[in-house]
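A short write-up of the structure that comes next.
Proteins get letters first, then strands, A, B, ... in listed order; numbering begins at 1 in each.
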Protein chains: 2
Amino acid sequence: MPAPSKTSVDAIVDAGRHILEADGLDGLTLQAVAEAVGVRAPSLYKRIDGRGDLVRRISNEVAAELGATLEDAARTGDPHADLIAMAHAVRTFAHQHPRGYALLFAPLPEGWRVDPTLNAQLSATILRAAGEVAPRADALKAARTVVAWLNGFVSMEQAAAFRLSGDLDEAFDYGIDRILAGLEQQSD
Amino acid sequence: MPAPSKTSVDAIVDAGRHILEADGLDGLTLQAVAEAVGVRAPSLYKRIDGRGDLVRRISNEVAAELGATLEDAARTGDPHADLIAMAHAVRTFAHQHPRGYALLFAPLPEGWRVDPTLNAQLSATILRAAGEVAPRADALKAARTVVAWLNGFVSMEQAAAFRLSGDLDEAFDYGIDRILAGLEQQSD
DNA sequence: ACCTGAACACCGTTCAAGT
DNA sequence: ACCTGAACACCGTTCAAGT
């Protein structure tokens, strides 16, 4: 007599995302997830391959959403304007899903990390625009400069690492403006 | 009959740093630290206030070391050259103490975080140089741009988040060069 | 004064037993 | 086929008991 399913991978990952955002990675226990979806913790192993696998699945979902957000933001066709729009879109996304965003760049154990394919797709949109504001030969380096600054700014903002006062919105706008100016300037 | 001391705060924090670098934050258990210093786990509570307090003390030690490294790197007096030297010094430090460096910017629970005073001291050296390459009124925003990029670059490098190929040393030199160019350029 | 074993409330994970 | 309780090996933390 087969026992009827009480949950699903999707329900588990969704519950996991909510718990992650509410209680942080430490609060994301299999027992909490199990309770949220209405089973006992051991039953989760029928759908997922343990806690690391759950974290990886959550990261993948966040990365896919962030990728879609990025694509949406790059619509004018003007690479300078698109990069600014993408930067703001990423920052807004990070504000809406702080723990999920942090997961994408966290130094997690091997096998917990986001699917490299998703990460590459994420870079592609920025890479394209960066190759148009900077000399094409510098496209990858230019994209890395933008992404490093963007992720660094958002990460520090979330970790409350900007201790001194001062308007962070203004600092963000200043940063992307000055970086684009540097990339657009002809290097000798 | 008083029992003789078998360990000290310094020994505990030092052992903790070694275990952190070797096994990561998850591996930094009080049992592992206790074994390393030759006592049982409950005895640690005579010196430190639990695991969070240990993490905070380790962060503080790392921050102080990084601060000293930064000061050492800024010696030419030329702010442009000093900023480049500081950027390289931070990256080298992060390579030497990857888990400790990550701790400084990790989104840790309240009460685990590094002493704000140390964080501010850390920024001060960069802030001074940034205020000389950019207009003085933009000093704080300029410093934040450099620090965000620097921390973002190093964090992504450590999280293996730069998936595409390409020379990272070259990308690093390119990044600091272009950012300084942007900061030095007169904004209209 | 410091150290210890025992205990408690949690974890993740495995597995035999139920339906 | 899926779910469950029990069990195991770990955690952090508290505390009474030892010296």
Side-chain angles (χ1 to χ4, degrees), chain A residues 1-60 99 103 106-113, chain B residues 1-60 99 103 106-113:
Chain A
M1 186 87 74
S5 292
K6 299 172 78 172
T7 185
S8 66
V9 172
D10 278 358
I12 291 168
V13 173
D14 280 357
R17 278 189 73 172
H18 281 106
I19 293 168
L20 171 71
E21 291 300 341
D23 302 326
L25 191 54
D26 284 350
L28 181 63
T29 68
L30 293 187
Q31 319 226 4
V33 173
E35 190 183 10
V37 300
V39 298
R40 299 292 184 165
S43 300
L44 297 177
Y45 285 78
K46 284 282 157 183
R47 322 268 178 195
I48 60 169
D49 205 22
R51 185 167 180 264
D53 182 52
L54 175 59
V55 171
R56 198 181 49 75
R57 285 171 186 271
I58 292 174
S59 298
N60 286 347
R99 321 263 202 185
L103 223 51
L108 297 173
E110 201 70 37
W112 292 40
R113 279 202 277 273
Chain B
M1 184 87 74
S5 291
K6 299 173 77 171
T7 185
S8 65
V9 172
D10 278 357
I12 290 168
V13 174
D14 280 357
R17 276 188 75 172
H18 281 105
I19 292 168
L20 171 71
E21 291 299 343
D23 301 328
L25 191 53
D26 284 349
L28 182 63
T29 67
L30 293 187
Q31 320 227 3
V33 173
E35 190 184 10
V37 300
V39 299
R40 299 291 183 167
S43 300
L44 297 177
Y45 285 79
K46 284 282 156 183
R47 323 268 178 193
I48 60 169
D49 204 22
R51 185 167 180 264
D53 183 51
L54 175 59
V55 170
R56 197 181 48 74
R57 286 171 187 270
I58 292 174
S59 298
N60 286 348
R99 321 262 203 187
L103 223 51
L108 296 174
E110 201 68 39
W112 292 39
R113 279 201 276 273

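- Residues A:L54 and A:L44 form no side-chain contact, since every pair of their non-hydrogen atoms from C-beta on lies 4.5 Å or further apart.
- The separation between B:L30 atom CG and D:dT14 atom P is 11 Å, rounded to whole Å.
- Nearest to the side-chain atoms of B:T29 among the listed nucleotides C:dT13, D:dG12, C:dC2 stands D:dG12.
- One interatomic measurement links the two molecules: CH2 of B:W112 to P of D:dG12, which rounds to 9 Å at whole-angstrom precision.
- Which of D:dG5, D:dG12, C:dG5 sits closest to the side chain of A:R40 comes down to D:dG5.
- When both pairing distances are held under 3.5 Å, C:dC10 makes no Watson-Crick or G-U pair with any nucleotide shown.
- Relative to the side chain of B:V39, the nucleotides C:dT4, D:dC3, C:dC11 differ in distance, and C:dT4 lies closest.
- B:R56 has a carboxylate O that lies under 4.0 Å from a charged side-chain N of B:D53, or vice versa, which qualifies the two as a salt bridge.
- Separating the CG atom of B:D23 from the C1' atom of D:dC10 is a distance of 15 Å, rounded to the nearest angstrom.
- Among the nucleotides D:dC3, D:dC15, C:dC2, the one closest to the side chain of B:K46 is C:dC2.
- Minimum heavy-atom separation, A:T7 to A:I12: OG1-CG1, 3.8 Å.
- We find that CD1 of A:I12 is positioned 12 Å from C1' of D:dC2, with the value rounded to whole Å.
- Spacing between atom CG of A:L44 and atom P of D:dT4 amounts to 10 Å, rounded to whole angstrom units.
- Closest approach to the B:A3 side chain among D:dT19, D:dT13, D:dA1 is made by D:dT19 (side chain taken as heavy atoms from C-beta onward).
- Under a 3.5 Å cut-off, the side chain of B:R51 and the backbone N or O of B:L30 do not form any donor-acceptor pair.
- Scanning both residues, A:R47 and A:K6, for their nearest heavy atoms gives NH2-N, 4.2 Å.
- Residue A:S43 is classed as a base contact, given a heavy-atom separation below 4.0 Å to a base.
- A donor-acceptor pair under 3.5 Å is formed between the side chain of A:R113 and the backbone N or O of A:L108.
- For B:R47, no side-chain nitrogen or oxygen approaches OP1 or OP2 of C:dA1 to under 4.0 Å.
- Partner assigned to C:dG5 is D:dC15, using Watson-Crick or G-U wobble distances below 3.5 angstrom.
- Nearest to the side-chain atoms of B:R51 among the listed nucleotides C:dA6, D:dG12, C:dG12 stands D:dG12.
- Protein atom CG of A:D49 is 14 Å distant from nucleotide atom P of C:dG12, rounded to whole Å.
- The side chain of A:Y45 sits closest to C:dT13 out of C:dT13, C:dC3, D:dC11.
- For the pair A:E35 CD and C:dC11 C1', the interatomic distance rounds to 15 Å; values are reported in whole Å.
- Put simply, CG on A:L54 is 14 Å from P on C:dC11, counting in whole angstrom units.
- Picking from C:dG12, D:dG12, D:dA1 the nucleotide with the shortest atom distance to the side chain of A:Q31 gives C:dG12.
- Dashed line: the shortest gap from a side-chain N or O of A:K6 to OP1 or OP2 of D:dT4 is under 4.0 Å.
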